[in-house]
Amino acid sequence: MKSGSIPVFILLMALIAPVSSSAGEVVIIANENVPILALTGDDIKQIFLGKKSTWDNGDKIVIAVQDRTDASDIFLTTYVTKNAYQYGIYWKKQVFTGRGKAPRSFSSDHEIVQFVSQTPGAIGYVSSGTDAGKAKTIAVR
Amino acid sequence: MRKATSILIITLAIGFFTSDCSASESMGIDIHGFISQGYLKTTHNYFYGDTADGSLEFNEFGINFAGEPSDNIRMGIQILARDFGSNGDDEVRVDWAFGDYRWKDWFGVQAGKIKTPKGLYNETRDVDMLRTYIFLPQSVYSEILRDTDLGLLGAGIYGDVNLTAGGSLSYQIIYGTQNVPANESVSQALQGTTAYRTPVRNDSIDVDSKYVLGLFWETPVKGLRFGATYDNSIILATAHATMSVPAISLYEGDIVIADFDKYRNTVISTEYTAGNLLLVGEYIRTAKKFLITFEGVPHEKGDYSADGWYLGSSYQFRDSIHFGGYYSESYNKTSDREGRTITRPGNDIAHRGYFKDACLTTNFIINDYWNIKLEGHRFTGTHRISALDQVPDAGGRVFAHEDWNLLAAKITFSF
């Protein structure tokens with residue numbers, strides 16, 4: 001291999017290498033006024049795709065997501081069966097056809113805990129071990 | 001054009017000068033937008049505009065405003081301008097504008113101008129950054145028929161039904177009418193895609209009524225979904241002849257009426273996503289029943305179906321590079337795959353009866369707001385392009401080439 005080809009080869013390998021993601025768990029959290037203690041995986045998917053928009057007591061569900069964090073990668077692939085790009089495209093489709101409003105996006109566990117704690121009807125997710133503050137932890141059935 | 005420029009400037013200003021480019025919000029109103037500019041070059045024939053010499057007449061920009069005055073009510077509007085060769089000319093139009101009352105997740109009501117489902121991707125066909133390809137497969141998402149596929153002025157119902165172990169089902173039913181520009185490529189399709197270059201000029205295309213049904217099933221199998229859509233229109237198109245074509249008894253000044261009792265599209269779709277890989281396949285069947293008259297004298301009666309299909313895939317390498325491709329076929333008549341019956345006096349071009357398209361594409365995601373695409377097409381046949389755009393060659397022939405290629409490039413900014 002010519003020396004000039006090596007950087008090109010390394011660049012190509014870097015482009016096609018699989019995206020790494022740290023192993024770990026995520027925890028679902030919700031505002032303390034949310035009238036549930038547990039959700040199924042299917043419920044979580046319906047909620048984060050905007051197909052379930054109200055809680056059983058009629059209150060509006062407010063979705064909070066994380067922007068390109070490890071917790072977000074784990075959550076989206078596990079529960080929503082989409083990667084971060086596909087999830088972003090899904091919501092852009094809702095926005096550009098007038099069907100929905102994209103979820104609020106946050107860059108850290110701390111920010112999402114704060115938002116969920118202070119927003120009635122809010123639900124989000126954080127890395128396992130994060131202090132949920134005034135938010136409550138939702139069990140997954 | 002001046003209005004279009006104003007919208008472009010506003011869109012750019014909002015996009016660039018908001019602190020968070022991913023969306024702008026003012027007084028509870030969400031604002032989003034996009035701007036695209038493309039380039040097209042064909043080896044032969046004209047793919048909407050003067051593409052044989054290379055064309056920059058390929059752009060679109062849109063901006064939308066939406067708000068939720070209460071938990072169950074949503075209102076919004078999107079305005080769109082586009083230029084695609086001889087179509088659009090950057091005229092500003094309302095793309096969608098409706099009020100939406102969602103009573104339950106399984107039942108909502110909409111009224112206004114509503115985007116209509118047709119296959120999996122029709123509603124977002126003008127929003128470039130939502131897909132890997134520049135051009136959706138012409139078999140299902142024909143550019144020549146775009147104006148009849150877009151939005152419906154009317155009312156409808158929709159909902160999402162959770163089937164628990166059976167996945168989930170989304171449905172939509174819309175009834176209304178359409179405003180279809182009479183001077184653009186759809187007129188060529190309605191008047192019959194003949195080889196004659198613009199023998200008629202449409203005065204009006206009146207969509208008396210149209211209804212659309214859409215059903216989408218997210219199956220319990222991870223990443224697998226199916227779709228089925230159906231629409232039916234009653235259309236009356238009125239034109240006058242701009243040149244005489246004695247071979248078909250058409251003379252300059254004749255009033256030409258195309259009366260469609262039936263214009264039905266059925267699309268069956270499936271999509272499978274596994275990690276970064278997406279596979280998709282769709283089949284369309286269009287049933288038409290019409291009568292064309294010249295000066296009140298019946299000229300052609302039609303009752304037949306057209307069909308088409310495609311298989312496609314895309315793959316996401318890391319976050320920044322997506323590769324994709326598809327193979328698509330469409331036919332003017334289901335019963336005539338080789339275009340034999342389309343030939344008649346003055347029109348001996350059988351390849352007007354079919355259109356086959358092999359496409360490869362690359363989408364570079366620069367960041368959340370910018371992406372660049374590069375795409376190549378190998379075409380066989382000319383069924384899906386407009387007679388309006390063609391320029392006769394030195395021998396006076398249009399559609400002279402059955403095999404031809406298209407190179408397309410596009411850059412998009414969205415927020």
Side-chain angles (χ1 to χ4, degrees), chain A residues 11-21 40-47 49-56 58-62 67-68 73 76-107 120-121 141, chain B residues 20 22-23 30 32-34 62 64 66-68 70-72 74-78 95-98 100 102 104-105 110 112 114-115 121 123-124 126-127 129-131 158-165 167-168 170 218 220 222-223 273-276 278 316-322 365 368 414:
Chain A
L11 181 62
L12 282 172
M13 289 300 99
L15 289 173
I16 63 175
V19 180
S20 64
S21 63
T40 66
D42 187 56
D43 289 334
I44 294 168
K45 181 177 181 179
Q46 299 301 313
I47 288 169
L49 291 178
K51 294 182 176 182
K52 178 175 171 59
S53 63
T54 54
W55 298 112
D56 291 343
D59 286 352
K60 186 176 177 62
I61 296 175
V62 180
D67 187 21
R68 294 183 185 171
D73 287 341
L76 291 174
T77 52
T78 304
Y79 293 107
V80 190
T81 65
K82 293 182 186 297
N83 64 29
Y85 175 79
Q86 292 160 350
Y87 188 66
I89 289 292
Y90 173 85
W91 274 107
K92 282 187 175 181
K93 284 181 180 175
Q94 307 306 306
V95 165
F96 284 101
T97 53
R99 285 192 174 160
K101 177 178 181 173
R104 291 287 303 269
S105 181
F106 300 89
S107 55
R141 291 195 295 260
Chain B
D20 175 5
S22 62
D30 287 322
H32 294 267
F34 57 91
N64 70 56
E68 296 177 345
S70 75
D71 285 353
N72 298 76
R74 182 169 179 80
M75 303 172 75
I77 183 170
Q78 177 161 292
D95 191 32
W96 52 259
F98 59 84
D100 179 328
R102 189 164 180 167
K104 299 285 184 185
D105 289 324
Q110 297 173 316
I114 305 164
K115 298 291 275 185
Y121 309 120
E123 293 154 280
T124 53
D126 290 325
V127 191
M129 72 284 187
L130 299 183
R131 59 178 181 270
Y158 72 98
D160 297 301
V161 182
N162 189 352
L163 305 174
T164 57
S168 68
S170 301
E218 192 104 20
K222 185 178 173 182
T273 308
N276 293 348
L278 181 144
Q316 177 184 347
F317 287 90
R318 302 187 70 88
D319 287 338
S320 55
I321 302 178
H322 298 203
I365 313 289
D368 283 347
S414 64

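Basis for what follows: all heavy atoms, side chains included, without hydrogens, waters or symmetry-related copies. To find a chain, count down the sequence lines: A is the first, B the second, and so on, and within it residues start at 1. No experiment lies behind these values; they were computed from the predicted model shown.
- Residue A:T40 does not touch chain B at all, counting heavy-atom pairs closer than 4.5 Å.
- In this structure, the side-chain contact (heavy atoms from CB on, under 4.5 Å) partners of B:N64, at least two apart in sequence or on a different chain, are A:V95, A:F96, B:H32, B:Q78, B:W96.
- Residue B:N162 touches chain A through its side chain alone, counting heavy-atom pairs closer than 4.5 Å.
- Inter-residue side-chain proximity for B:V127 and A:K92 is flagged as unmet; no heavy-atom pair is nearer than 4.5 Å.
- With contacts defined as side-chain heavy-atom distances shorter than 4.5 Å, the pair A:Y87/A:T77 does not qualify.
- Residue contact with chain B, scored on non-hydrogen atoms closer than 4.5 Å, involves the side chain of A:D43 exclusively.
- Contact of B:M75 with chain A is not made at all, since no heavy-atom distance falls under 4.5 Å.
- For the options B:G76, B:S168, B:G67, B:A66, heavy-atom pairs under 4.5 Å to chain A are most numerous at B:S168.
- Contact annotation for B:I365: only side-chain heavy atoms (C-beta onward) come within less than 4.5 Å of a heavy atom of chain A.
- Of the two parts of A:R99, the backbone and the side chain both hold a non-hydrogen atom closer than 4.5 Å to a non-hydrogen atom of chain B.
- Checked for salt-bridge contact, B:R102 and B:D160 meet the test: a charged N lies under 4.0 Å from a carboxylate O.
- Heavy-atom pairs under 4.5 Å with chain A peak, among B:K115, B:Q110, B:M129, B:R131, at B:M129.
- Neither the backbone nor the side chain of B:Y158 comes within less than 4.5 Å of any heavy atom of chain A.
- Around atom NZ of B:K104, no more than 12 heavy atoms belonging to other residues, nucleotides or ligands sit under 6.0 Å away.
- With contacts defined as side-chain heavy-atom distances shorter than 4.5 Å, the pair A:T81/A:K45 qualifies.
- With chain B as partner, the option from A:G121, A:G100, A:G50 having the largest number of non-hydrogen pairs under 4.5 angstrom is A:G100.
- Side-chain N/O atoms of B:Q316 and A:N83 include a donor and acceptor closer than 3.5 Å.
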